[in-house]
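Structure record follows, encoded as structure tokens.
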Amino acid sequence: MGQPENRENRGAEQSELPPGQRLQRGWPVTHYGPVPKFKPDRWEFRVFGATADGDKHCWNHQEFSALPFSSVVADLHCVTKFSMIGAEWGGVPARAILDLAPPAPDATHVMVWAEYGFSSNLRLADFASERTLFATHKDGELLTAEHGFPLRLVVPHLYAWKGPKWVRGIEYMTADRRGFWEERGYHNIGDPWSEQRYSYQEEPGDGPEL
């Protein structure tokens with residue numbers, strides 16, 4: 001399931017990082033493909049799939065920016081083995097989206113969709129964590145384009161690839177299916193404290209069959 005809540009409050013000592021991780025003094029830029037150009041007049045955040053009312057819900061950039069703002073201090077653990085400790089993330093809590101556009105009772109998973117068709121799947125319980133955030137800011141400043149502006153998902157208790165940059169929407173699902181990196185050999189759940197890096201480490205029930 002995810003890491004226990006108190007792990008997010010630990011210090012930055014190397015021994016207290018997840019297994020195989022190293023402390024990073026800074027924030028490397030890591031992503032696949034080009035950095036998209038933000039066009040605010042065309043930007044839209046969509047919630048679709050197995051919604052409670054069967055409808056699609058949309059917000060333009062101005063509307064999304066007016067949603068409830070929250071902050072969380074949390075670490076970021078990259079599967080490439082660096083960990084950035086104690087960043088302050090600001091943005092729209094995932095729970096706010098769940099409240100405004102709730103999933104159907106039989107929804108079990110979420111697919112997070114980003115620019116260029118990039119995707120990452122999450123269990124609904126992971127998405128619904130009080131610490132999961134659609135981040136617009138880090139340490140009080142707007143995200144840069146290279147780090148995901150205007151919107152990236154932060155899921156502190158999972159590896160960072162589970163929180164895509166340049167998010168454009170979410171799809172509620174009644175069955176699990178793998179996202180972009182999960183289809184390419186990454187672990188379906190991605191818990192850094194269990195070092196769930198690759199699909200060959202999966203146990204029965206960790207995800208859909210390969």
Show the numbers, then the answer: is there a side chain to side chain contact (heavy atoms under 4.5 Å, CB included) between L151 and T136?
CA-CA 5 Å; L151 196 67; T136 57; 3.7 Å; yes
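- Remark: S65 OG to W59 CH2 distance equals 13.0 Å, nearest 0.5 Å.
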Please determine whether side chain to side chain contact (heavy atoms under 4.5 Å, CB included) holds for the pair L158 and Q196, giving the CA-CA distance in whole Å, both sets of side-chain angles, and the decisive distance to 0.1 Å.
CA-CA 9 Å; L158 300 180; Q196 294 174 334; 6.0 Å; no
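- Considering only heavy atoms from C-beta on, N121 comes within 4.5 Å of K162 through its side chain.
- Closest approach of D75 and G86 over heavy atoms only: OD1-N, 2.8 Å.
- Screening R123, E183, E182 against N188 for a side-chain contact (heavy atoms from CB on, under 4.5 Å) leaves a single residue, E182.
- With sequence neighbours left out, the side chain to side chain donor-acceptor pair (under 3.5 Å) criterion links S71 to no other residue.
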Show, in sequence, the C-alpha distance, side-chain angles and deciding distance for D191 and H157, and conclude whether the side chain to side chain donor-acceptor pair (under 3.5 Å) test is met.
CA-CA 7 Å; D191 178 359; H157 64 279; over 6 Å; no
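- Using a 30° and 60° split on the angle between ring planes, F45 and F64 fall in the tilted class, from 30° to 60°.
- Judged as a side-chain contact (heavy atoms from CB on, under 4.5 Å), and not counting sequence neighbours, the contacts of S119 are M111, W113, F180.
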Going through the distances and angles, do V79 and W161 end up as a side chain to side chain contact (heavy atoms under 4.5 Å, CB included)?
CA-CA 7 Å; V79 73; W161 93 79; 3.8 Å; yes
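- In this structure, the ring pair (Phe, Tyr, Trp, His ring centres under 6.0 Å) partners of H137, at least two apart in sequence or on a different chain, are F69.
- No side-chain heavy atom of W181 sits less than 4.5 Å from a side-chain heavy atom of S120.
- Atom CZ of F82 sits about 7.0 Å away from atom CE of M84, to the nearest 0.5 Å.
- Atoms CD and CH2, on E63 and W43 in that order, are 10.0 Å from each other to the nearest 0.5 Å.
- Taking all atoms of both residues into account, the shortest heavy-atom contact from D176 to P208 is OD2-CD, 3.1 Å.
- Both F149 and L67 belong to a common hydrophobic cluster when Ile, Leu, Val, Met, Phe, Trp and Tyr are linked at side-chain heavy-atom distances under 4.5 angstrom.
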Can you list, pair by pair, the side-chain donor-acceptor contacts under 3.5 Å of residues 95-107, counting residues two or more places apart and other chains?
unit_1 : atom_1 : unit_2 : atom_2 : d
R95    : NE     : A128   : O      : 2.7

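- Between A94 and F134 the shortest heavy-atom distance is CA-CE1, 4.1 Å.
- Here side chain to side chain donor-acceptor pair (under 3.5 Å) pairs that include residues 44-53, with residues two or more places apart or in two chains, are T51-D53, D53-H57.
- The heavy-atom pair separating A160 from C78 by the smallest distance is CB-CA, 4.2 Å.
- At distances below 3.5 Å, at least one donor-acceptor pair connects side-chain atoms of W166 with backbone N or O atoms of A145.
- Q201 places a side-chain N or O within donor-acceptor distance of the main-chain N or O of Y198, the cut-off being under 3.5 Å.
- Between R42 and R168, the shortest heavy-atom contact is O-NH2, 3.4 Å.
- Under the 4.5 Å side-chain heavy-atom criterion for Ile, Leu, Val, Met, Phe, Trp and Tyr, F38 and Y116 are members of distinct hydrophobic clusters.
- Within the structure, side chain to side chain donor-acceptor pair (under 3.5 Å) contacts touching residues 78-91 (residues at least two apart or in different chains) are Q21-S83, H77-S83.
- One hydrophobic cluster holds both L124 and L153 under the rule that ILVMFWY side chains link at heavy-atom gaps under 4.5 Å.
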Hey, mind stepping through D126 and V110 against side chain to side chain contact (heavy atoms under 4.5 Å, CB included) and telling me if it holds?
CA-CA 9 Å; D126 289 318; V110 170; over 6 Å; no
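- In this structure, the side chains of K56 and E171 stay at 4.5 Å or more apart for every pair of heavy atoms.
- For the atom pair T108 OG1 and L122 CG, the distance stands at 11.5 Å (nearest 0.5 Å).
- To the nearest 0.5 Å, atom CZ of residue R178 and atom NE2 of residue H187 are 8.5 Å apart.
- Between the CE atom of M173 and the NE2 atom of H109 there is a distance of 6.5 Å, given to the nearest 0.5 Å.
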